[in-house]
Amino acid sequence: MQFRKAELESLASLHNINVDFSHHKEDSPFLVVQLENDQQAIDLVKRGILIKSIYELWGQGEDLPTLHKTVQNTMSTYFEENDDKDNLLTDTFKFELLTFLGGNKTPLKQQLELFDSFKYLPFKGRVRLKNPQQTYSILQNYEFNQETQAPENDPNYWYMGRLVCLSLRSRGVLEKLEISKRPFYGTTTFDTELSLVTCNLGLVDNKKLVWDPFVGTGSFLLAASEFDAMGFGNDIDFLTLKGKKGKRIRHNFAKVDKKQQFGDVMCMDFNNCALRNDFQIDCILCDPPYGIREGLKVCGVSDPEKMKGKETLMINGELAFLRRDYIQPKRTFSLDLLLDELLQFAVDRLPIGGRLCFWMPVANDEDIPTMVPQNKRLELIYNLQQDFNRWSRRCLVYVKRDEGFDGVSATKEDRGKNNFRDRYFKSFSKASKPASNK
Ligand SMILES: C[S@@+](CC[C@H](N)C(=O)[O-])C[C@H]1O[C@@H](n2cnc3c(N)ncnc32)[C@H](O)[C@@H]1O
């Protein structure tokens, strides 16, 4: 749930809209905000993933008579105060009833009676159920009854408003980018909805170059293409980048008509970064390897003794390690150290104000706070948590600040023994041990 507010705040900041979110309640699906005009409402919501829609609020109340009273109050001055809204009088329109937790409690006949009860509204346009110019929505909130474990019979709150904008979610983006519809995906492919939310948290837009340093099957870049950013990335695993059955990341872009938003991906070990020092990136999004479904590896050897003399190995008169088909040895590495490197990468590559967003697993096995990595030049603005059974994952969002900013530093050493992989497997093996006979 914390994700929803973070997404809205990010969208407000992307469009420089001043919004007071102090009325936001984690357990309510509705939020009333004060905005200057329709354009601000559209900017705030049109690319939203965790929000469905935004309405110009005409009335609200605990029951229908109160709702009508407040709508009539609004209407008494609405058209005098809003000269630009005269078109509403003649536009085609429809009414709709939306409920939260209410299911289909209201039979069609009653719904029509409900819509008819608003006939005092001064509309002269025709009713059109398909593609009307205006939609007027009645929104009902039902409370959940803990005793019966079912929603109450009657709504406990009503709103009525003019639909201003449907979010990207409500316009079908999740269906469009569904993983199973992509020509290329794999076991590490990141969730569609959360990839899009991560883009919103990262302020991805059409002027930005987005980099994923653990790109895998490219979920974040594909999501970023929806916002017309240019996507680039790297991965240590050549086979992933090569794709399967002739399909690879770029085919996913082509499938959704975003070919031009795919920059490129390269095979590179993040721990041995080959990018030019002055290469700047606007936004970094990733899901680093945790070592559960995919190994965290870096180039190098665990036992240098075993490699002695191999540097001079020749194949067909060529030094083996200089050949194009050379596959370099790899060794395991610590996720904690890699995360410190990721933060430093962000400090080196992002502009001031640029964002780094990444997902980090945390084990729920011990009752100790999990310390997240921090770097003095990055401000951690969100630490959002998604809970699973024995572990949770966090989405961490950092903003690069200028030299005057003296933030917190928490490197691997400060964080202590926090190796997620060890703890993850330990907690699972503990859970699967038979109970003792004591
Ligand atoms: C959790 S997956 C990322 C999945 C990706 N978000 C997707 O949607 O498919 C982590 C990726 O990091 C890659 N990786 C592991 N070690 C790496 C390293 N040292 N440098 C770059 N990539 C690495 C793995 O090959 C894997 O593809």
Side-chain angles (χ1 to χ4, degrees), residues 174 177-199 201-202 204 210-226 231-244 247-253 255-256 262 264-275 281 283-302 327-346 349 356-362 386 388 391 393-396 419-421 424:
L174 300 185
L177 297 183
E178 204 177 296
I179 294 175
S180 61
K181 287 188 190 154
R182 298 181 196 173
F184 171 56
Y185 59 91
T187 52
T188 62
T189 300
F190 198 78
D191 181 80
T192 306
E193 180 178 7
L194 294 179
S195 312
L196 289 157
V197 171
T198 314
C199 288
L201 297 172
V204 167
V210 174
W211 192 280
D212 180 347
F214 308 99
V215 71
T217 59
S219 316
F220 290 110
L221 302 189
L222 185 67
S225 76
E226 193 57 40
F232 291 84
N234 67 279
D235 198 288
I236 198 170
D237 185 5
F238 167 72
L239 290 175
T240 302
L241 300 182
K242 193 167 156 248
K244 268 192 285 196
K247 301 289 182 207
R248 55 179 91 170
I249 296 177
R250 73 181 157 82
H251 293 103
N252 291 347
F253 282 72
K255 169 95 196 287
V256 291
F262 178 57
D264 211 344
V265 288
M266 64 174 169
C267 186
M268 180 182 87
D269 172 12
F270 179 68
N271 188 238
N272 287 282
C273 183
L275 297 179
I281 294 163
C283 175
I284 302 166
L285 311 177
C286 62
D287 167 31
Y290 325 138
I292 298 168
R293 282 173 300 171
E294 74 306 301
L296 162 50
K297 293 267 161 70
V298 295
C299 293
V301 286
S302 336
I327 299 177
Q328 68 280 54
K330 300 192 185 67
R331 64 184 171 92
T332 50
F333 196 67
S334 131
L335 170 66
D336 270 319
L337 261 184
L338 190 89
L339 296 181
D340 289 345
E341 282 178 11
L342 180 59
L343 265 58
Q344 191 53 47
F345 180 77
R349 312 270 165 189
L356 158 70
C357 309
F358 71 91
W359 289 80
M360 186 181 101
V362 278
Q386 187 191 29
F388 296 101
W391 65 291
R393 66 178 168 190
R394 298 202 182 186
C395 179
L396 303 177
N419 187 320
F420 169 74
R421 191 170 196 275
Y424 178 87

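When a residue number appears, it is its place in the shown sequence, counting from 1. What you see is a predicted model; the values in this text were computed from it and never measured. Just so you know, ligand 1 is whichever comes first in the structure, and atom 1 is the first atom listed for that ligand.
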- Message: Check this for me - ligand 1, Asp235, N or O atoms closer than 3.5 angstrom, yes or no?
- Response: yes
- Could you tell me which atoms of ligand 1, counted from 1 in the order shown, lie closer than 4.0 angstrom to a heavy atom of Val298? 19 (N)
- Contact between Pro213 and ligand 1, counting heavy atoms under 4.0 Å? yes
- Message: Quick one, Gln386 and Trp359 - any side-chain contact, counting heavy atoms below 4.5 Å?
- Response: yes
- Query: Which ligand 1 atoms does Thr217 reach within 4.0 Å, using its non-hydrogen atoms?
  - Reply: 7 (C), 8 (O), 9 (O)
- Query: Would you say the side-chain atoms of Lys244 pair up with the backbone N or O of Tyr185, donor to acceptor, closer than 3.5 Å?
  - Reply: yes
- Query: Do the rings of Phe345 and Phe270 sit parallel, tilted or perpendicular, given the 30° and 60° boundaries?
  - Reply: perpendicular
- Query: Do Ile236 and Phe214 have side-chain heavy atoms sitting under 4.5 Å apart?
  - Reply: no
- Message: Among Val215, Asp191, Leu285, Leu335, which one puts a heavy atom closest to atom 5 (C) of ligand 1?
- Response: Val215
- Query: Where on Ser195 is there a heavy atom closer than 4.0 Å to ligand 1, on the side chain, on the backbone, on both, or on neither?
  - Reply: neither
- Message: Any nitrogen or oxygen of Phe190 lying under 3.5 Å from a nitrogen or oxygen in ligand 1? Just yes or no.
- Response: yes
- Working to the nearest 0.5 Å, report the span between NZ of Lys181 and NZ of Lys255. 7.0 Å
- The salt bridge (charged side-chain N to carboxylate O under 4.0 Å, His left out) partners of Glu341 (sequence neighbours excluded) come to none
- Below 4.0 angstrom from a heavy atom of Lys297, which ligand 1 atoms are there? Numbered from 1 as shown, please. 16 (N), 17 (C), 18 (C), 19 (N)
- When only distance counts, is Phe270 in polar contact with ligand 1, meaning an N/O pair under 3.5 Å? yes
- With a cut-off of 4.0 Å, which atoms of ligand 1 are near a heavy atom of Pro288? 1 (C)
- Which ligand 1 atoms, with their elements, are less than 4.0 angstrom from a heavy-atom of Asp237? 25 (O)
- Looking at ligand 1, does Thr189 have a heavy atom less than 4.0 Å from it? yes
- Query: Are Asn234 and Met266 side-chain neighbours, meaning at least one heavy-atom pair lies under 4.5 Å?
  - Reply: yes
- Task: Verify, without hydrogens or angle tests, whether Asp235 (side chain) and Gly216 (backbone) share a donor-acceptor contact under 3.5 angstrom.
- Result: yes
- Message: Looking only at distances, can you tell me whether any N or O atom of Thr188, backbone or side chain, sits closer than 3.5 Å to an N or O atom of ligand 1?
- Response: yes
- Message: Just by distance, no angles: are the side chains of Thr189 and Thr217 close enough, under 3.5 Å, to form a donor-acceptor pair?
- Response: yes
- Task: For Asp269, counting its heavy atoms only, list the atoms of ligand 1 lying under 4.0 Å from any of them.
- Result: 18 (C), 19 (N), 20 (N)
- With a cut-off of 4.0 Å, which atoms of ligand 1 are near a heavy atom of Asp287? 1 (C), 2 (S), 3 (C), 4 (C), 6 (N), 10 (C)
- Query: Quick one: which ligand 1 atoms are inside 4.0 Å of a heavy atom on Gly216?
  - Reply: 9 (O), 27 (O)
- Under 3.5 Å between some N or O of ligand 1 and some N or O of Ser219? yes
- Query: How long is the gap from SG on Cys395 to CG on Leu285, to the nearest 0.5 Å?
  - Reply: 9.0 Å
- Considering only heavy atoms from C-beta outward, does the side chain of Phe232 approach that of Val265 to under 4.5 Å? no
